[in-house]
Amino acid sequence: MSQPTRAELLRSLAARPQRDLVVIGGGATGLGVAVDAAARGLSVALVEAEDFAKGTSSRATKLVHGGVRYLAQGNLKLVREALRERDVLMRIASHLVQPLQFVLPVYGAKGRWLERFVYGSGLVLYDLLAGKAGYGKTEFLSPAAALERAAGLQPRGLAGAICYWDGQFDDARLALALARTAIARGAIVLNRCAAVGLEHEGGRIAGVVAEDRESGARHVLKARCVINATGVWVDAVRRMDRAVKGDLVAPSQGVHLVVDRGFLPGGRAVLVPKTRDGRVLFAVPWLGSTILGTTDTPRHDLAAEPEPFREEVDFILSEASRYLAKAPGPADVRSVWVGLRPLVRPPHEAGEDTKTLSREHTVRVERSGLVSVTGGKWTTYRAMAEDVLECAMEHELLPRRAAGVTQTLALVGAPARSDVPLGEPPGLHLYGTEAPLVRGLPGAARELAPGLTEAMVRFAARFEYARTVEDVLARRSRLLFLDAKLAASAAAPVAAVLEEELGAPFDAAASAAAFRALAAQYCRLPQT
Ligand SMILES: Cc1cc2nc3c(=O)[nH]c(=O)nc-3n(C[C@H](O)[C@H](O)[C@H](O)COP(=O)(O)OP(=O)(O)OC[C@H]3O[C@@H](n4cnc5c(N)ncnc54)[C@H](O)[C@@H]3O)c2cc1C
């Protein structure tokens, strides 16, 4: 397979004096923009300061969904758009996105008919909005049928359940597929390369100063259009521009806890639509484990690795214990991770209740011509990319090219469809059409950790631009997110393989030690 190495991409970055577009940020939003622009034939460079999906885009609940919660808020436009995008993703990334059945339990005699009616009719509307792109009809289940579908549910007081369909995915691997698809279409997409300044000419934006975090070398990337897609960090980049007013984003933190699959046997997810404080709670089978979450807490310090608050962990464990037959406790938690939602701040927003802030995205063009895009959700990254490029074309920052190319553009690894559900432990099935290539690399039979072979690490270094132990164990394999202790124990063997692949500048001992420190954080619950 021919794919440029990072060194070759860096050389091309320095060689080209001018391009159509520079994208800042390699999460779902920026990568989606790069794929779309490159697919339309524009010349594109994308710079990501850390690693692809290192920010929010590796920390989602892993749902490709219309958003039942937004249905409850009456936001039909958002739901319809997301359901359409769910269908597109299922086709263009069939190896990483799959349908998933959800069980919504109803408890107690009081109000159970009303609850069933309200949630049931909402979910029937959800089916109608999905139309032909739906995966199955919403069903009303007796308590016995509910327990048959989701054996992990608390049987005491169970009055029945509603069963509906949605989708799930591997977020970080989808981000990698986007990065590699953009590269295959001629874009230069680089991790460990940060935007450290903006270039202006006559008061207009004219490019980006990018710093290669590995060598320290700086490059001036001239471009007609610069798109700032840095998620919760969008305002920091806006401040590199001239005289920007106000903040676009009100960040909100969401915590997930991962426990064994034994807490939710059967392969279906559980949605609790209204917890004691009015939030939703998910229990989702994912890569052989169960994800519990999430929370919604305003957060202003924008750490790369935010830590959970004690109340958030307590909330998830105590709510999960109310709805699951086997109550999870602190000792059952295999990994805890935190993501920051880039919620769009209304122009005159004063309050702090992030649950009521918009889940929709926003596009802003500054007077200088800098374009910022933020908000939205993973599911709608492709629609966001179309919107932001349309906006840039309307402002004559980019030459006009027709939209819609990405609706049918299979991402790298597609269109293989696997019979293995995403709820099952990780393996070669996640590589789609590239599985034979991985199998052909040295060490295909040597497991370094469950679901991670030596060959996969070599593949990560050769084709997926992995530069550190963390890149491999957090985002190429998802072991850090599944079992942080186990991931820490794989650091040394992974570092040894990376050393062979990456050569001299790679410091195996330092990379393994840095990863072990990070994994210790993912094991640690705030003290009670
Ligand atoms: C707890 C939680 C659960 C969620 N669950 C779901 C879900 O189940 N389904 C769903 O559809 N959506 C979900 N979302 C929403 C979704 O994850 C986000 O909307 C999406 O990942 C945001 O992507 P982004 O690219 O805008 O931001 P990010 O992924 O954060 O990407 C921004 C990138 O910009 C980089 N960057 C910052 N500054 C610079 C710079 N100066 N130079 C270069 N790069 C820079 C960062 O390193 C980062 O990688 C969830 C979000 C959270 C927080």
Side-chain angles (χ1 to χ4, degrees), residues 22-34 45-67 69-70 78 82 85-86 89 97 100 166-169 171-172 174-175 178-179 190-198 208-211 213 226-240 248-249 251-256 269 280 282 284 286 291 293-297 299 302 304-306 308 312 316 337-344 354 359-362 372-385 388 475:
V22 173
V23 182
I24 310 174
T29 309
L31 292 167
V33 172
L46 178 147
V47 289
E48 160 56 48
E50 306 282 340
D51 184 25
F52 308 121
K54 161 76 182 180
T56 309
S57 296
S58 55
R59 299 153 198 264
T61 313
K62 325 301 179 202
L63 305 180
V64 172
H65 60 159
R69 186 152 49 126
Y70 315 128
L78 183 60
E85 290 305 314
R86 184 184 77 174
L89 264 170
V97 185
L100 176 67
D166 231 323
Q168 77 173 146
F169 73 134
D171 49 6
L174 186 61
L178 286 171
L190 277 164
N191 54 0
R192 303 245 143 53
C193 193
V196 291
L198 299 174
V208 171
V209 183
E211 184 179 276
R213 287 261 159 101
V226 175
I227 296 183
N228 167 19
T230 49
V232 289
W233 297 278
V234 74
D235 291 309
V237 173
R238 286 177 67 234
R239 280 190 278 276
M240 292 178 190
L248 280 186
V249 154
S252 148
Q253 151 164 319
V255 172
H256 291 97
V280 296
F282 286 104
V284 180
W286 192 67
I291 300 176
T294 178
T295 55
D296 207 336
T297 314
R299 179 114 205 199
L302 300 177
E305 288 292 348
E312 294 178 292
I316 295 173
W337 30 277
V338 182
L340 300 175
R341 286 180 198 86
L343 297 184
V344 177
T354 56
R359 257 64 181 171
E360 285 176 88
H361 62 272
T362 191
S372 294
V373 53
T374 193
K377 50 185 186 161
W378 234 121
T379 309
T380 52
Y381 79 87
R382 203 197 60 83
M384 287 168 71
V388 70
R475 291 170 293 275

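Atoms within a ligand are numbered from 1 in the order they appear, just like the ligands themselves.
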Would you mind listing which atoms of ligand 1 come within a distance below 4.0 Å of any non-hydrogen atom of [X]?
X: H256; result: 1 (C), 3 (C)
X: T294; result: 1 (C)
X: R59; result: 1 (C), 2 (C), 3 (C)

For [atom], what is the closest protein heavy atom, and at what distance to 0.1 Å?
atom: atom 9 (N) of ligand 1; result: L63 O, 2.7 Å
atom: atom 47 (O) of ligand 1; result: E48 OE2, 2.7 Å
atom: atom 52 (C) of ligand 1; result: R341 CG, 3.6 Å

If you define the side chain from C-beta out and look only at heavy atoms, does anything of S372 sit under 4.5 Å from L248? yes
Heteroatom distance test ([X], ligand 1): nitrogen or oxygen, under 3.5 angstrom:
X: S252; answer: no
X: V232; answer: no
X: A28; answer: yes
X: S57; answer: yes
X: G376; answer: yes

Taking atom types as modelled and ignoring hydrogens, do the side chains of D296 and S252 form a donor-acceptor contact shorter than 3.5 angstrom?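 Judged by distance alone, the side chains do pair up.
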Judged by heavy atoms only, the candidate from T56, D51, I24 nearest atom 30 (O) of ligand 1 is T56
Answer side chain, backbone, both or neither: which part of V338 comes under 4.0 Å from ligand 1, heavy atoms only. neither
In a check of side-chain hydrogen bond (donor to acceptor under 3.5 Å, both in side chains) between Q253 and each of E312, R59, R341, which one passes? E312
